[in-house]
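Reading through the structure tokens given below for one structure.
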Amino acid sequence: MAQENLAVVVHSPGDLRLENLPIPEPEPNEVLLQMHSVGICGSDVHYWQYGRIGDFVVKKPMVVGHEAAGRVVKVGSAVKHLNVGDRVAIEPGVPREMDEFFKNGRYNLSPTIFFCATPPDDGNLCRYYKHSANFCYKLPDNVTFEEGALIEPLSVGIHACRRAGVTLGSVVLICGAGAIGLVSLLVAKAMGASQVIVTDLSPERLKMAKQLGADFQLTVKKGDSSEQLAKSVHDILGAQPHVTIECTGVESSIQTAIYATRSGGVVVLVGLGSPMTTIPLINAAVREVDIRGVFRYCNTWPMAIAMLSSGKVNVKPLVTHRFPLEQALEAFETTRQGVGIKVMLKCDQNDLNP
């Protein structure tokens, strides 16, 4: 095993560095992984640019990265289900205690949860990383490392569609055609949605949405009123959607989501924007439109692996750029500029394949 553990570390706003760190030793219930593919998320870029997201503030150097897959190179003494050489996808959120949220299956809401690349917890954009073995999932032979890394954003889509109650015949509006909007589209279709319409400012992203199976695309123009956009959605579909999945966090888009959704329907808020947002709450209330939040995901990796392995969902087109780990700063700049959809970093010098 090489003794070099190159990692991508944010020190303070605007200060992102490549550094060599010690190779960690796994605890009894952990495995040491040689990382292979790690995607860059908008939150990673945000911590680099601003040093914080909400109440999570970078106070000490932090390794970024949480969309990841790798190979087991060392196994803790108490681990029974994984062996050296196994290819795994990493679920980045690991509960630290058996609290009420853990017990009722909503461990993502545990206030003490460990989460990769959320201060003060280090992420996994490095050569070698140790993680709880119970939150490493073995990949089938026909699922690539990159697909394994994409299970993390795919899980957001699964959790959002579950929270929304997407089922056979659902008509779905997705606001935003970024990575999360696109995985929500893939999942909604896989769960049986009959029609999905996607909105975005970018014609390029809407083109990708069409390629991935969106039935309709609506280009949003700055200055469009939320009521007018809601009417456009209705006109295109011939009906109001049962479910709207809002992936932008933009105030006007959340307003559109509420106006557009049919009475008795569900709006799920996935995108994070301003802490205080003005919305037509009474409109939602008198029409019994449920507004539901999403915080990451829970219990999604087995379903995601089954979706990928069976071919029901194809996430491969989402990866538009690849960089070796040594070019991480260039990769982050590419993501910051909003180029492409998903930028993937390759952490294993000897294996740069997907």
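Quick caveat: nothing in here was measured; it's all calculated off a predicted structure.
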Side-chain heavy atoms under 4.5 angstrom apart, residues restricted to Ile, Leu, Val, Met, Phe, Trp, Tyr: same cluster for L218 and V198?
no

Salt bridge check, K138 against D86: does any charged N sit closer than 4.0 Å to a carboxylate O?
yes

Using every non-hydrogen atom in the two residues, find where D99 and P111 come nearest and quote the distance to one decimal.
OD2-CD, 3.9 Å

Output a table of donor-acceptor pairs, distance under 3.5 Å, between side-chain atoms of residues 60-72 and any protein atom two or more places apart or on a different chain; print 'none' if there are none.
{"residue": "K60", "atom": "NZ", "partner": "P120", "partner atom": "O", "Å": "3.3"}
{"residue": "E67", "atom": "OE1", "partner": "K342", "partner atom": "NZ", "Å": "3.0"}
{"residue": "E67", "atom": "OE2", "partner": "K342", "partner atom": "NZ", "Å": "3.1"}

Passes side chain to side chain contact (heavy atoms under 4.5 Å, CB included), T300 versus Y297? Steps please.
CA-CA 7 Å; T300 54; Y297 34 67; 3.9 Å; yes

Contacts under 3.5 angstrom, residues 175-197 side chains, donor-acceptor by atom type, not counting sequence neighbours:
{"residue": "S184", "atom": "OG", "partner": "I180", "partner atom": "O", "Å": "2.8"}
{"residue": "K189", "atom": "NZ", "partner": "D215", "partner atom": "OD1", "Å": "3.3"}
{"residue": "K189", "atom": "NZ", "partner": "D215", "partner atom": "OD2", "Å": "2.7"}
{"residue": "S194", "atom": "OG", "partner": "G169", "partner atom": "O", "Å": "3.2"}
{"residue": "S194", "atom": "OG", "partner": "S170", "partner atom": "O", "Å": "3.4"}

Apply side chain to side chain contact (heavy atoms under 4.5 Å, CB included) to V220 and L229, showing your working.
CA-CA 8 Å; V220 177; L229 282 169; 3.9 Å; yes

Set out, in order, the CA-CA distance, both residues' side-chain angles and the distance that settles side chain to side chain contact (heavy atoms under 4.5 Å, CB included) for E204 and L206, then state yes or no.
CA-CA 5 Å; E204 282 303 306; L206 289 176; over 6 Å; no

Donor + acceptor pair across side chains of T248, E246 (<3.5 Å)
yes

Does the side chain of F135 reach to within under 4.5 Å of the side chain of W301, using non-hydrogen atoms?
no

Partners meeting side chain to side chain donor-acceptor pair (under 3.5 Å) with N83 (sequence neighbours left out):
none

Are the side chain of R292 and the backbone of V268 linked by a donor-acceptor contact shorter than 3.5 Å?
no

Give a yes or no on whether the backbone of A331 and the side-chain of T335 come within a donor-acceptor separation of less than 3.5 Å.
yes

Least distance between heavy atoms, C136 atom then L82 atom
CB-CD1, 3.9 Å

Any heavy-atom pair between the side chains of P241 and V233 that's under 4.5 Å?
yes

Point-to-point distance, once rounded to the nearest 0.5 Å, from CZ of F295 to CD1 of I113:
7.5 Å

Is there a chain of hydrophobic side chains (I, L, V, M, F, W, Y, each step under 4.5 Å between heavy atoms) that links V319 to L139?
yes

May I ask you to check whether over 12 heavy atoms, not counting those of N142, lie within 6.0 Å of atom CG?
yes

Using only atom types and a distance under 3.5 Å, with no angle test, would you say the side chain of H321 pairs donor to acceptor with the backbone of L345?
no

Is there a chain of hydrophobic side chains (I, L, V, M, F, W, Y, each step under 4.5 Å between heavy atoms) that links I151 to I90?
yes

Of V243, D290, V294, the residue whose pairing with R163 passes side chain to side chain contact (heavy atoms under 4.5 Å, CB included)
V294

Just so I know, are the side chains of L173 and I245 near enough to count as touching, which here means a heavy-atom distance under 4.5 Å?
no

With sequence neighbours left out, the residues meeting ring-ring contact (aromatic ring centres under 6.0 Å, His included) with F102 are none

Minimum-distance pair of heavy atoms, taken over all atoms of D44 and G39:
OD2-O, 4.0 Å

Pairs touching residues 142-164 that satisfy ring-ring contact (aromatic ring centres under 6.0 Å, His included), sequence neighbours left out
H36-F145

Are L201 and K222 close enough that some pair of their side-chain heavy atoms sits under 4.5 Å apart?
yes

With distance as the sole criterion, is a donor-acceptor pair present between the side chains of S226 and T256 under 3.5 Å?
no

Any side-chain donor near an acceptor of the partner, T144 and E147, under 3.5 Å
yes

Just do the side chain to side chain contact (heavy atoms under 4.5 Å, CB included) check on I279 and E251 with the steps written out, would you?
CA-CA 7 Å; I279 59 167; E251 183 175 273; 5.6 Å; no

Got a sec, which pairs hit salt bridge (Lys or Arg N to Asp or Glu O under 4.0 Å) with one end in residues 166-178, sequence neighbours left out?
none

Flag side-chain contact, heavy atom, 4.5 Å: L154 against V156
no

With heavy-atom distances below 4.5 Å as the criterion, would you say the side chains of H242 and V266 are in contact?
no

Does R296 reach the side chain of T118, with side-chain heavy atoms less than 4.5 Å apart?
yes

Examine distances only and state if a side-chain atom of R287 and a backbone atom of V289 form a donor-acceptor pair shorter than 3.5 Å.
no

Tell me the closest heavy-atom pair linking F323 and T334, and the distance in Å.
CZ-OG1, 3.5 Å

Which residues pass the side chain to side chain donor-acceptor pair (under 3.5 Å) test with E91, not counting sequence neighbours?
Y107, Y137

Within the supplied structure, the quantity of interest is the number of heavy atoms (other residues, nucleotides, ligands) at a distance under 6.0 Å from L109 CG; does it exceed 12?
yes

Please identify each residue that fulfils side chain to side chain donor-acceptor pair (under 3.5 Å) with E146, with sequence neighbours left out.
R322, K346

ILVMFWY network linking Y259 to V171, side-chain heavy atoms under 4.5 angstrom
no

Within the structure provided, determine whether L269 and I291 are in side-chain contact (heavy-atom separation under 4.5 Å).
yes

Can you name the closest pair of heavy atoms from V31 and A133 and give their distance?
CG1-CB, 4.1 Å

Tracing side-chain links under 4.5 Å among I, L, V, M, F, W and Y, which residues wind up in one group with I282?
V286

Crowded around Q337 CD? As in, over 12 foreign heavy atoms under 6.0 Å?
yes

Find out if a path of hydrophobic residues (ILVMFWY) with successive side-chain heavy-atom gaps under 4.5 Å connects L6 to M344.
yes

Flag, side chain of S12 to backbone of D15, donor-acceptor distance under 3.5 Å:
no

Who passes side chain to side chain donor-acceptor pair (under 3.5 Å) against T277, sequence neighbours left out?
none

Ignoring hydrogens and angles, tell me if any N or O in the side chain of R87 forms a donor-acceptor pair with the backbone of P140 under 3.5 Å.
yes

Main-chain N/O of A285 paired with E288 side-chain donor or acceptor, under 3.5 Å
no

N5 to P24 - nearest heavy-atom pair and separation:
ND2-CD, 4.1 Å

With H131 via ring-ring contact (aromatic ring centres under 6.0 Å, His included) - residues at least two apart
Y129

Tell me, which pairs form a salt bridge (Lys or Arg N to Asp or Glu O under 4.0 Å) where one or both residues lie in residues 102-130, sequence neighbours left out?
E4-R127, E27-K130, E30-K130, R96-D121, R127-E326

Keeping R205 on the side-chain end and G340 on the backbone end, is there a donor-acceptor pair under 3.5 Å?
yes

Distance, nearest 0.5 Å, that separates CD1 of I23 from CG of L32
7.0 Å

For D141, does the CG atom sit with more than 12 other heavy atoms under 6.0 Å from it, leaving out its own atoms?
no

